[in-house]
Amino acid sequence: MLCDACRSVDPERLPISAGALALIDNLTWGKTTHLDRLKVDDSIRDPARRALAATLTRLAGREPRMLRFLE
C-alpha cells in the first residue's frame, strides 16, 4: 500500500480496487471453510490474482513456475 505522494514515485506500482483488496484480505484472514461456495466477479478476481502474482514474484525474486500452472 502506498500513500498518494509515494504512489507516483514507484514505477512498479500496481493499482488495485477496494473490492480486490477486500478479497485478498478475506482469503488471507477470513474463514476458509466455505471457499467452494465463494463466487467472485472477474472484475475483482483478475486484479486480485495479478496483485498476488506480483507479490509472490517480488518476494521470490523471480516468477514462480506455479503461476503459469494456476492460470
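No hydrogens, no waters, no symmetry mates; every other heavy atom, side chains included, goes into these values. Start at 1 with the first residue, then count along the sequence.
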Is there a side-chain contact (heavy atoms from CB on, under 4.5 Å) between Leu56 and Met66 once you walk through the steps? CA-CA 10 Å; Leu56 289 173; Met66 74 169 186; 3.6 Å; yes
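Considering every non-hydrogen atom in both Ile16 and Ala51, the closest pair reads CD1-CB, 3.6 Å. Residues Thr28 and Ile24 approach most closely at OG1-O, 2.7 Å, considering heavy atoms. Closest of all the heavy-atom pairs between Ala20 and Pro47 is CB-CB, 4.1 Å.
Note: Arg50 CZ to Leu67 CG = 13.5 Å, rounded to the nearest 0.5 Å.
Grouping the Ile, Leu, Val, Met, Phe, Trp and Tyr side chains by contacts below 4.5 angstrom, directly or via other members, places Ile44 with Leu27.
Residue Thr55 is tested with Leu59, Thr57, Leu52 for a side chain to side chain contact (heavy atoms under 4.5 Å, CB included); the sole match is Leu59.
With sequence neighbours excluded, the residues that form a salt bridge (Lys or Arg N to Asp or Glu O under 4.0 Å) with Arg58 are Glu12.
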